[in-house]
Protein chains: 2
Amino acid sequence: MITIKDIAEAANVSPATVSRVINNGPKVGPKTREHVKAVMDKMGYRPNINARALVTQKSTSLGLVLAELMDPFFATYANAIENVARKANTQLLMSSGSVQADTELKAIETLLNHRVKAMVVHAKFLDDDTLIQLARQAPGFVLINRYIDAIKHRCVWLDNVAGGRMMAEHVLKLGHRKIAVISSDFAIEDRVQREQGIRESLAEWGVDLSDSQIVHAAPNQEGGEIAMRQLLASGARFTAILAYNDAMAAGAINTLYDHNLEVPRNVSVMGFDDVLQAQFCRPKLTTMNYPIELMASQAASLALDYAQGKQPDTDVTYKYLPTIVARNSVARCIG
Amino acid sequence: MITIKDIAEAANVSPATVSRVINNGPKVGPKTREHVKAVMDKMGYRPNINARALVTQKSTSLGLVLAELMDPFFATYANAIENVARKANTQLLMSSGSVQADTELKAIETLLNHRVKAMVVHAKFLDDDTLIQLARQAPGFVLINRYIDAIKHRCVWLDNVAGGRMMAEHVLKLGHRKIAVISSDFAIEDRVQREQGIRESLAEWGVDLSDSQIVHAAPNQEGGEIAMRQLLASGARFTAILAYNDAMAAGAINTLYDHNLEVPRNVSVMGFDDVLQAQFCRPKLTTMNYPIELMASQAASLALDYAQGKQPDTDVTYKYLPTIVARNSVARCIG
DNA sequence: TTGTACGCGTTATCAC
DNA sequence: GTGATAACGCGTACAA
């Protein structure tokens with residue numbers, strides 16, 4: 001690789017002058033500037049960003065931690081962050097595959113070692129204390145999809161309890177009283193919170209949710225199919241299904257069709273997340289829109305701001321609410 | 001940020017000794033080693049990877065250029081690369097959003113400036129010469145989904161012409177003779193090549209493909225819907241549709257249903273890529289499997305190998321072929 | 001076994 | 001306007 005020194009030598013100037021040319025420095029003669037530029041062009045010079053970062057003590061990359069790139073939810077998230085990064089002339093340093101506490105920790109540490117200027121972290125398994133400590137080490141550290149009170153101005157999160165309530169209320173208002181839940185078997189708080197919201201809402205309406213009405217499986221389409229089969233086999237009665245996410249809802253619908261149950265004529269099914277799949281489904285899914293794109297953009301901007309020394313707005317909080325998207329998989333109960 | 005010098009000072013040793021401890025250097029006493037480790041732990045030392053890269057002249061990051069993270073095709077691609085990277089203890093430096101020649105160029109140059117050890121590049125708009133020149137600057141430069149003869153051992157690509165032929169033959173063998181094509185309006189070679197393959201195959205079977213039987217639109221679901229409406233409005237006659245990708249196929253199916261045409265009873269529809277959507281569709285799509293995961297892994301390994309100085313196998317080429325996945329959207333022609 | 005000194009590529013602070 | 005020179009954080013040859 002050709003360096004600033006090589007250019008200096010070939011152009012008969014000092015490295016300092018070359019550096020000035022590169023950075024559009026103020027004090028350099030017009031003809032030397034042109035000359036140096038020409039030499040750089042001819043020799044194919046490329047600035048070494050790492051060396052630059054070393055001396056300037058500032059990085060030009062933004063760290064990103066996520067669980068699973070192939071999940072459309074995370075793809076949307078990553079894409080939104082990338083857009084913010086690009087506008088800030090920042091490169092994305094990504095670490096996917098964080099599905100356990102130790103991989104999450106390793107991902108964050110690696111990013112820290114790379115001296116990223118800021119980072120947006122999706123971490124569901126690491127404990128609060130570790131996260132708090134990590135956050136203190138990096139000014140531009142922002143958590144997404146998680147709330148920790150001690151670092152609340154670094155958290156961009158969704159109110160899952162409210163989301164669960166909204167789901168339940170939606171079908172309750174449409175007359176459904178026999179409701180079943182297909183939830184995730186992943187040990188993360190989201191599912192617990194959504195279930196809690198559902199339970200709260202049902203309780204308020206005086207509707208019972210027995211343990212047999214709620215089944216857990218992997219949070220993907222196959223899991224949805226399995227859960228639905230389990231529900232049908234158990235003899236549970238229901239006119240509406242609340243699913244943990246759109247993939248599970250789609251799986252549930254598949255299984256219902258296989259059992260000659262039509263959606264929404266015989267059974268209503270509601271999803272969560274509103275990923276693209278919700279629109280591909282037949283029928284198109286009624287679901288909760290998770291404003292992940294908005295949240296991710298917010299998180300990235302926030303991280304970049306903090307990295308630049310901006311102080312947190314004490315009275316601002318970054319809690320988001322999902323919204324109901326009424327499509328065709330939920331109908332009024334005619335039982 | 002706390003440095004190696006701080007540790008040295010606090011531990012009463014020289015920076016060199018600390019460095020040895022960090023890198024598990026051979027010549028350092030057991031008790032000093034423990035002592036230094038303890039100090040590092042207490043002070044929360046983090047190696048500066050950039051500084052390390054500067055002196056060792058080797059990077060620990062792998063560059064990745066792609067067009068659109070939210071496209072499931074690219075998500076699969078990125079995910080496969082990430083898996084290879086992780087196994088090689090390598091961080092992913094990603095640049096998405098390359099949808100024009102200049103953004104592609106900028107993405108590659110940025111990665112080069114970061115001195116990534118290797119890079120896998122998806123570039124559809126840059127001209128061959130630029131790519132060849134870029135490739136010569138970086139030993140670990142590998143192109144995916146594109147073939148350039150001058151750097152053929154750096155190309156991992158799909159034979160799109162063969163893919164087009166396979167599609168056409170599949171429906172021809174099922175008796176279809178009235179065939180329409182829904183293609184992309186993106187100015188990239190893939191579509192031209194697939195259309196060429198289709199034409200070749202049809203010609204061999206003596207089947208005509210008039211210009212009115214082929215329409216172009218955006219390569220997504222909406223484009224598929226639009227193209228299908230156009231086809232129906234034009235009065236074209238067909239019993240089988242060959243779509244540019246699964247999204248367009250899904251869109252086409254939607255429109256057909258809206259016109260009370262059942263798939264595959266009235267019309268057969270075939271997709272391309274075999275992304276997840278192909279399985280979510282109703283009916284599940286018959287499509288061409290694009291082994292993008294395999295290809296991406298191959299490309300990443302290759303890039304890493306070349307970066308380590310491995311010489312290209314002269315007699316090996318990285319051409320891949322798609323395979324037919326027969327699901328439920330194509331049936332024997334009963335016209 | 002440990003320490004000293006140098007260099008990686010770059011920017012910044014001085015002089016001139 | 002331009003050029004030495006020192007630093008950034010680290011690894012390593014060499015000396016001790």
Side-chain angles (χ1 to χ4, degrees), chain A residues 1-37 39-40 43-61 91 109-117 137-138, chain B residues 1-37 39-40 43-61 91 109-117 137-138:
Chain A
M1 272 282 105
I2 142 141
T3 79
I4 216 173
K5 278 185 191 167
D6 301 324
I7 303 292
E9 208 164 322
N12 268 319
V13 293
S14 75
T17 302
V18 179
S19 177
R20 289 191 190 97
V21 173
I22 293 169
N23 300 299
N24 287 316
K27 291 166 180 296
V28 50
K31 58 191 170 201
T32 24
R33 164 164 283 145
E34 286 317 309
H35 177 52
V36 170
K37 272 190 179 170
V39 175
M40 290 200 309
M43 300 184 65
Y45 169 75
R46 298 200 173 284
N48 185 325
I49 294 202
N50 295 328
R52 184 178 289 173
L54 190 58
V55 51
T56 60
Q57 299 284 55
K58 18 186 137 279
S59 151
T60 58
S61 50
Q91 214 54 26
E109 287 184 327
T110 307
L111 258 23
L112 247 25
N113 294 351
H114 274 273
R115 299 295 189 270
V116 292
K117 77 164 117 179
Q137 291 178 41
Chain B
M1 270 284 104
I2 142 140
T3 78
I4 216 172
K5 274 187 195 166
D6 302 323
I7 303 292
E9 209 164 320
N12 269 320
V13 294
S14 75
T17 301
V18 179
S19 177
R20 289 189 190 100
V21 172
I22 293 168
N23 301 298
N24 286 316
K27 289 162 182 300
V28 49
K31 58 191 170 201
T32 25
R33 162 163 284 143
E34 286 318 307
H35 178 51
V36 170
K37 272 190 177 169
V39 174
M40 291 200 310
M43 301 184 65
Y45 169 76
R46 299 201 173 284
N48 184 325
I49 294 203
N50 296 328
R52 185 179 288 173
L54 192 58
V55 50
T56 59
Q57 298 284 55
K58 12 187 144 282
S59 148
T60 58
S61 52
Q91 215 52 24
E109 286 183 328
T110 307
L111 258 22
L112 247 24
N113 293 352
H114 274 275
R115 299 292 189 273
V116 292
K117 75 164 123 181
Q137 290 179 43

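In the text below, chain A, chain B and the rest are named by the order of the sequence lines, each starting its count at 1.
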**Study point:** Integer-rounded Å distance: C:dG9 C1' and B:K58 NZ
**Key:** 17 Å

**Study point:** Distance, rounded to the nearest Å, where A:K27 contributes NZ and C:dT11 contributes P
**Key:** 19 Å

Exercise for review: Check B:S14 against B:A8 and note the closest heavy-atom contact, atom names and distance.
Suggested key: C-CB, 3.7 Å

**Study point:** Range on DNA chain D touched by chain B - first to last nucleotide, heavy-atom distance under 4.0 Å
**Key:** D:dG9 to D:dA13

Exercise for review: Return yes if some donor-acceptor pair links the side-chain N/O of A:N48 with the main-chain N/O of A:N50 below 3.5 Å, else return no.
Suggested key: yes

**Study point:** Side-chain (A:S59) to main-chain (A:R115) donor-acceptor, under 3.5 angstrom
**Key:** yes

Review point. Are a donor atom and an acceptor atom from the side chains of A:Q137 and B:R46 found within less than 3.5 Å of each other?
Key: yes

Review point. If you find the nucleotide of DNA chain C closest to B:R20 and the one closest to A:A16, which residue's nucleotide is nearer the 5' end?
Key: B:R20

Point to revise | Residue whose closest nucleotide on DNA chain C lies nearer the 5' end, B:A51 versus B:S14 | key: B:S14

Point to revise | Among A:V36, A:T17, A:I4, A:I7, side-chain contact (heavy atoms from CB on, under 4.5 Å) partner for A:I22 | key: A:I4

Check your understanding: Can you find a side chain N or O atom of A:K5 that sits less than 4.0 Å from OP1 or OP2 on C:dC8?
Key -> yes

Practice item. Report yes if a side-chain nitrogen or oxygen of A:S19 is closer than 4.0 Å to either non-bridging phosphate oxygen (OP1 or OP2) of C:dT10; otherwise report no. Key: no

Point to revise | B:I49 vs B:Q91, side chain to side chain contact (heavy atoms under 4.5 Å, CB included): CA-CA, chis, key distance, verdict | key: CA-CA 11 Å; B:I49 294 203; B:Q91 215 52 24; over 6 Å; no

Sugar-phosphate, base or nothing in reach of [X], heavy atoms under 4.0 Å:
X     : value
A:R33 : nothing
B:N23 : sugar-phosphate
B:V28 : sugar-phosphate
B:P15 : nothing

